[in-house]
Chemist: 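For reference, the structure I am asking about is given below.
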Amino acid sequence: MEQIYEIKRVAGSINWEEIPVLQMEYAYLNTPEDITAFGQICAGGDALFVRLWAHQPQIRAEEFGLDGLPYKDSCLEFFFRPEENDPRYFNFEFNFNKCLYLGIGTDLDTRQRLLLEDREEIFKPEAKLTEKGWEVFYQIPYAFIQSYFPEFRIYEGKNLWANCYTCADLAEIPYYRSWRKVNVDFFSFHRPECFGLMRIV
């Protein structure tokens, strides 16, 4: 049985040393071994906070703007289904330039891209270089989630279904990793049936 990732509730400033770390350990399509990625997620008073980082020797960052495609670049991604009785999920995909692909749908074919002019004001993304690669941090306000899932609330024991990924379609050597295994014949990260369980504690 796969381990549940516990999303801790926090008040005030976040001490990341106290937040559990997940590893994107599953690699696909000849991903180089020297590219690894990790994540942390916690729940504040009015938003989820997401921190993702990758260890990699080179970073591709060429996509910009409202309609850029960050998954072509070095990209860190968080997909999650806010409500157990609703099959729709969000996919958040950021590159180092804070170019965002945000979608909502039930699978790759039905998703709709949300082109938000005020995306930086809403999600407050930060990206920076690290000693071994790069990281991105952002918030997902509950009010934003509730605009698509009106019944959404955060409480102890609440379940979210999710996966975290790193990828780069147009890197010199493309790479793909996930937290929970994507076990399908046709490779795609848009496989909500492969999401893992995250629980608010």
Side-chain angles (χ1 to χ4, degrees), residues 1-8 19-43 48-56 69-95 100-114 123 135-136 138 140 144-145 148-149 151-152 154 157-171 173-201:
M1 183 176 178
E2 291 184 327
Q3 185 176 2
I4 298 170
Y5 180 82
E6 294 187 339
I7 299 178
K8 287 192 172 184
I19 305 302
V21 175
L22 61 83
Q23 181 175 357
M24 301 174 213
E25 60 180 315
Y26 295 102
Y28 312 91
L29 305 179
N30 301 312
T31 290
E33 293 184 1
D34 61 350
I35 296 176
T36 56
F38 307 86
Q40 293 170 297
I41 300 152
C42 60
L48 291 175
F49 295 96
V50 181
R51 180 186 179 215
L52 305 172
W53 68 96
H55 296 166
Q56 57 191 113
L69 300 175
Y71 56 81
K72 293 182 177 180
D73 289 339
S74 301
C75 189
L76 288 161
E77 307 180 351
F78 176 52
F79 292 21
F80 75 104
R81 184 156 55 94
E83 295 287 12
E84 290 192 273
N85 60 355
D86 191 322
R88 294 175 301 157
Y89 64 91
F90 290 115
N91 57 289
F92 283 81
E93 308 174 15
F94 277 102
N95 71 358
L100 169 64
Y101 191 115
L102 169 58
I104 185 172
T106 59
D107 56 32
L108 180 62
D109 296 327
T110 66
R111 66 177 174 159
Q112 173 190 1
R113 186 171 188 177
L114 304 177
F123 305 117
E135 70 173 40
V136 65
Y138 52 96
I140 306 175
F144 169 79
I145 299 172
Y148 295 90
F149 299 85
E151 302 303 315
F152 179 82
I154 288 292
K158 178 178 176 58
N159 292 331
L160 303 177
W161 293 90
N163 212 341
C164 297
Y165 314 96
T166 188
C167 67
D169 281 7
L170 297 186
I173 302 177
Y175 60 84
Y176 308 89
R177 282 187 174 274
S178 69
W179 169 56
R180 288 293 176 247
K181 189 174 183 180
V182 179
N183 187 19
V184 291
D185 294 332
F186 174 73
F187 176 73
S188 171
F189 284 161
H190 289 269
R191 296 293 182 179
E193 68 272 20
C194 299
F195 287 181
L197 180 58
M198 296 185 174
R199 180 168 294 153
I200 306 297
V201 298

Chemist: Can you list everything that forms a ring-ring contact (aromatic ring centres under 6.0 Å, His included) with Phe149? Sequence neighbours excluded, please.
Modeler: Phe90

Chemist: What closest approach, in Å, do Pro174 and Pro32 show between heavy atoms, and which atom pair accounts for it?
Modeler: O-CD, 4.0 Å

Chemist: Can you sort out the partners of Tyr5 under ring-ring contact (aromatic ring centres under 6.0 Å, His included), two or more places apart, ordered by chain and number?
Modeler: none

Chemist: Work out which heavy atom in Ala162 is nearest to a heavy atom in Trp179; give both atom names and the distance.
Modeler: O-CZ3, 3.5 Å

Chemist: Is the closest side-chain heavy-atom distance between Phe79 and Phe189 below 4.5 Å?
Modeler: yes

Chemist: Of Tyr26, Tyr71, Phe187, which meets ring-ring contact (aromatic ring centres under 6.0 Å, His included) against Tyr176?
Modeler: Phe187

Chemist: Under the side chain to side chain donor-acceptor pair (under 3.5 Å) test, which residues partner Gln40, sequence neighbours left out?
Modeler: Arg51

Chemist: With a 4.5 Å heavy-atom cut-off, do Asn91 and Leu102 have their side chains touching?
Modeler: no

Chemist: Nearest 0.5 Å please: distance from the CG atom of Leu48 over to the CD1 atom of Ile154.
Modeler: 5.0 Å

Chemist: Which residues pass the side-chain contact (heavy atoms from CB on, under 4.5 Å) test with Glu25, not counting sequence neighbours?
Modeler: Gln23

Chemist: Can you confirm whether Leu170 is buried at CG, in the sense that more than 12 heavy atoms of other residues, nucleotides or ligands lie under 6.0 Å from that atom?
Modeler: yes

Chemist: If you round to the nearest 0.5 Å, how far is OH of Tyr89 from CZ of Arg81?
Modeler: 11.0 Å

Chemist: For Tyr175, enumerate each residue passing the ring-ring contact (aromatic ring centres under 6.0 Å, His included) test, keeping only those at least two apart in sequence or located in another chain.
Modeler: none

Chemist: Sequence neighbours left out, what passes side-chain contact (heavy atoms from CB on, under 4.5 Å) with Arg180? Give chain and number order.
Modeler: Glu2, Gln3, Asn163

Chemist: Who pairs with Lys72 by salt bridge (charged side-chain N to carboxylate O under 4.0 Å, His left out), at least two apart in sequence or on another chain?
Modeler: none

Chemist: If you round to the nearest 0.5 Å, how far is CG of Leu114 from CD1 of Ile104?
Modeler: 6.5 Å

Chemist: Run the side chain to side chain donor-acceptor pair (under 3.5 Å) test against Thr110 and tell me which residues pass, sequence neighbours left out.
Modeler: Thr106, Asp107

Chemist: For residues Pro70 and Glu93, determine if any side-chain heavy atom of one lies less than 4.5 Å from a side-chain heavy atom of the other.
Modeler: yes

Chemist: To check you understand the geometry: which heavy-atom pair defines the closest contact between Leu52 and Leu76, and what is its length?
Modeler: O-CD1, 3.5 Å

Chemist: Under a 3.5 Å distance rule, please check whether Tyr28 uses its side chain to pair with a backbone N or O of Val182 as donor and acceptor.
Modeler: yes

Chemist: Do the side chains of Leu100 and Phe123 get nearer than 4.5 Å, heavy atoms only?
Modeler: yes

Chemist: Taking the side chain as C-beta and beyond, is there a heavy-atom pair between Val136 and Asn95 under 4.5 Å?
Modeler: no

Chemist: Evaluate Met24 against Cys164 for side-chain contact (heavy atoms from CB on, under 4.5 Å), listing each step before the verdict.
Modeler: CA-CA 7 Å; Met24 301 174 213; Cys164 297; 3.9 Å; yes

Chemist: Would you please name every residue forming a side chain to side chain donor-acceptor pair (under 3.5 Å) with Arg111, sequence neighbours left out?
Modeler: His190

Chemist: Rounded to the nearest 0.5 Å, what's the gap from OG1 on Thr36 to CD on Gln56? Could you check?
Modeler: 8.5 Å

Chemist: Applying ring-ring contact (aromatic ring centres under 6.0 Å, His included), name anything that partners Phe94, two or more places apart in sequence or on another chain.
Modeler: Tyr138

Chemist: Would you indicate whether the side-chain heavy atoms of Cys42 and Val50 approach each other to under 4.5 Å?
Modeler: no

Chemist: Can you name the side chain to side chain donor-acceptor pair (under 3.5 Å) partners of Tyr148, sequence neighbours left out?
Modeler: none

Chemist: Look only at the side chain of Arg177 and the backbone of Ile35, and say whether a donor-acceptor pair between them is shorter than 3.5 Å.
Modeler: yes

Chemist: How far apart are the closest heavy atoms of Thr166 and Cys75, and which atoms are they?
Modeler: OG1-O, 2.9 Å

Chemist: Report yes if some heavy atom in the side chain of Glu83 is under 4.5 Å from a heavy atom in the side chain of Phe152; otherwise report no.
Modeler: yes

Chemist: Answer yes or no: is there a side-chain heavy-atom contact under 4.5 Å between Phe92 and Ile140?
Modeler: yes

Chemist: Just list the side-chain donor-acceptor pairs under 3.5 Å for residues 191-201, sequence neighbours left out, or say none.
Modeler:
from: Arg191; atom 1: NH2; to: Phe186; atom 2: O; distance (Å): 3.1
from: Arg199; atom 1: NE; to: Asn159; atom 2: OD1; distance (Å): 2.7
from: Arg199; atom 1: NH2; to: Asn159; atom 2: OD1; distance (Å): 3.3

